[in-house]
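Keep in mind that this is a model prediction, so the values were computed, not measured.
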Amino acid sequence: MRNLIVRIKKKLSKIIIKFRHWYSYEIKLRKAVNNTGFTILASNCMGGFVYNSLKMQFLSPTVNLQMVEKDFQKFCFDIRYYVDQKLTFIESDKSFPVAELGEGDKKITIYFMHYKSSEEAEEKWYLRIKRINYDKLYVIASDIDMSEEEVRKWLQMKCNNLVVFTDKDYEGISYTFKLRRINKYVMDFYNKGSGIRYVEYAFDFAQFLNKH
């Protein structure tokens with residue numbers, strides 16, 4: 001019984017330490033970001049966790065969902081076309097709603113991985129596309145399953161700031177940021193001691209968002 005209590009205390013201590021580190025990170029981030037009213041377009045949940053850390057309203061439809069990088073690039077390059085299209089929910093083997101948007105070569109797939117129903121996903125999507133601030137667009141992408149030519153195409157994107165996370169070296173591409181490890185979610189890797197994601201240690205989100 002005594003050993004069990006000791007183990008529980010040690011586990012609780014680790015949880016508290018992680019919480020303190022994470023809380024400290026959020027406080028520092030909120031103090032450092034002096035920009036407001038921006039729209040973060042992200043290919044995965046990263047935009048959502050940045051908004052959450054800053055305690056800001058979601059001014060983006062790309063929150064709590066995922067697109068493959070090629071579809072995300074299409075969406076960003078022709079965003080006004082896509083926000084005028086109607087979501088078409090499709091059958092899939094996923095446990096969450098999946099929808100298509102656009103027609104023909106412009107068709108993309110959106111995975112609403114944090115929604116329980118298509119009705120909920122649809123409601124949030126149409127609500128948040130109305131909040132987009134086209135004068136303050138910040139784009140967060142990665143090079144997962146992208147060719148170098150496709151990564152270089154991002155240069156044509158008109159936005160306030162852009163980052164493409166990668167684990168490769170690209171010569172002459174200033175908007176790529178190399179991480180030690182990367183997968184399609186980018187933010188899955190945590191520091192076990194603090195509970196903070198490696199991408200948050202490595203990348204300066206405040207500097208990224210403060211660029212007007």
Between the OG atom in Ser95 and the CE atom in Met113, the distance rounded to the nearest 0.5 Å is 9.0 Å

Under a 4.0 Å N-O cut-off, is there an ion pair linking Glu120 with Lys124?
no

Look only at the side chain of Lys116 and the backbone of Pro97, and say whether a donor-acceptor pair between them is shorter than 3.5 Å. no

Practice problem: Evaluate whether atom NZ of Lys130 has more than 12 neighbouring non-hydrogen atoms of other residues, nucleotides or ligands under 6.0 angstrom away. | Solution: no

Is Ser24 close to Ile27 at the side-chain level, that is, under 4.5 Å between some pair of heavy atoms?
no

Membership question, hydrophobic clusters at under 4.5 Å side-chain separation (ILVMFWY): are Ile79 and Leu65 in the same one? yes

Here the pair of heavy atoms bringing Cys159 nearest to Leu162 is SG-CB, 3.9 Å

Taking the side chain as C-beta and beyond, is there a heavy-atom pair between Lys28 and Tyr25 under 4.5 Å? no

Lys/Arg N to Asp/Glu carboxylate O, Asp169 vs Lys178, below 4.0 Å: yes

Interatomic distance, CG@Asn133 vs CG@Asn160, rounded to 0.5 Å, equals 8.0 Å

With a 3.5 Å distance limit and no angle check, can you tell me whether Thr176 reaches the backbone of Val164 through a side-chain donor-acceptor pair?
no

One should read off an interatomic distance between Glu123 CD and Ser117 OG, to the nearest 0.5 angstrom, of 9.0 Å

If you apply the rule ring pair (Phe, Tyr, Trp, His ring centres under 6.0 Å), what do you find for Phe77 with Phe75, and how did you get there? CA-CA 6 Å; Phe77 273 66; Phe75 175 81; over 10 Å; no

**Prompt:** Under 6.0 Å between the ring centres of Phe49 and Tyr51?
**Reply:** no

Arg128 side chain near Val63 side chain, heavy-atom distance below 4.5 Å: yes

Is there a continuous path of hydrophobic side-chain contacts, each under 4.5 Å between heavy atoms, that joins Leu41 to Phe58? no

### Query
Relative to the ring of Phe208, is the ring of Tyr138 parallel (under 30°), tilted (30 to 60°) or perpendicular (over 60°)?
perpendicular

Q.
Side chains of Glu100 and Thr109 only: does a donor on one sit below 3.5 Å from an acceptor on the other?
A. no

* To do: Assess whether side-chain contact (heavy atoms from CB on, under 4.5 Å) is satisfied between Ser60 and Arg131, documenting all intermediate values.
  => CA-CA 7 Å; Ser60 171; Arg131 298 176 181 167; over 6 Å; no

Just so I know, are the side chains of Lys74 and Phe72 near enough to count as touching, which here means a heavy-atom distance under 4.5 Å?
no

Between Trp154 and Ala141 the two heavy atoms that sit nearest each other are CZ2-CB, 3.8 Å

query = Taking C-beta and beyond as the side chain, do Leu127 and Trp125 meet within less than 4.5 Å on heavy atoms?
reply = no

Notebook entry, point to check: Is it the case that one hydrophobic cluster holds both Leu87 and Ile108, taking links as side-chain heavy atoms less than 4.5 Å apart, direct or via other members?
Noted result: yes

With side-chain contact (heavy atoms from CB on, under 4.5 Å) as the criterion, how do Lys31 and Glu26 come out once you've worked through the C-alpha distance, each side chain's angles and the decisive distance to 0.1 Å? CA-CA 9 Å; Lys31 287 182 177 179; Glu26 286 196 334; over 6 Å; no

Worksheet item: Can Met157 be reached from Met67 by stepping across I, L, V, M, F, W or Y side chains whose heavy atoms are under 4.5 Å apart?
Response: yes

Closest non-hydrogen atoms of Leu59 and Thr39, given as atom of the first, atom of the second and distance, are O-OG1, 2.6 Å

Interatomic distance, CE@Met56 vs OG@Ser53, rounded to 0.5 Å, equals 11.0 Å

Phe112 meets the ring-ring contact (aromatic ring centres under 6.0 Å, His included) criterion, sequence neighbours left out, with Phe89, Tyr115

In the single-linkage hydrophobic clustering (I, L, V, M, F, W, Y; side-chain heavy atoms under 4.5 Å), do Ile140 and Val151 co-cluster?
no

Rounded to the nearest 0.5 angstrom, the CG-NZ distance for Asp78 and Lys106 is 4.0 Å

Nearest heavy-atom contact between Cys76 and Val139 is SG-CG1, 4.2 Å

- Message: Test your reading of the model: is there a side-chain donor-acceptor pair from Thr166 to the backbone of Asp143, 3.5 Å cut-off?
- Response: no

key: Residue pair Asp145 / Val68, side-chain heavy-atom distance below 4.5 Å   = no

What orientation do Phe165 and Phe177 show, parallel under 30°, tilted 30 to 60°, or perpendicular over 60°?
perpendicular

Heavy-atom closest pair (Val83 atom, Ile129 atom, distance to 0.1 Å) is O-CD1, 3.4 Å

Closest heavy-atom pair, Asn210 versus His212, reported as atoms and distance to 0.1 Å, is O-CD2, 3.0 Å

(message) Parallel, tilted or perpendicular, judged at 30° and 60°: which one describes the rings of Phe96 and Tyr111?
(response) perpendicular

Between the OH atom in Tyr82 and the CD1 atom in Ile110, the distance rounded to the nearest 0.5 Å is 9.5 Å

In short, salt bridge (charged side-chain N to carboxylate O under 4.0 Å, His left out) pairs touching residues 148-162 with sequence neighbours left out are Lys70-Glu150, Glu148-Arg152

Is a donor on one side and an acceptor on the other found under 3.5 Å between the side chain of Thr62 and the backbone of Ala42?
yes

Short question: side chain of Gln85, backbone of Leu101 - any donor-acceptor pair under 3.5 Å?
-> no

| query | With a 4.5 Å heavy-atom cut-off, do Leu137 and Ile132 have their side chains touching? | reply | yes

Problem - Intermediate values then yes/no, side-chain contact (heavy atoms from CB on, under 4.5 Å), Ile40 and Val50 - result: CA-CA 9 Å; Ile40 299 174; Val50 173; 3.7 Å; yes

Residue set satisfying side chain to side chain contact (heavy atoms under 4.5 Å, CB included) with Asp93, at least two apart, ordered chain then number -> none

Quiz item: Asn161 versus Val163: any side-chain heavy-atom pair under 4.5 Å?
Solution: no

(Q) Do Lys211 and Asn35 pair up side chain to side chain, a donor and an acceptor below 3.5 Å, judged on atom types alone? (A) no

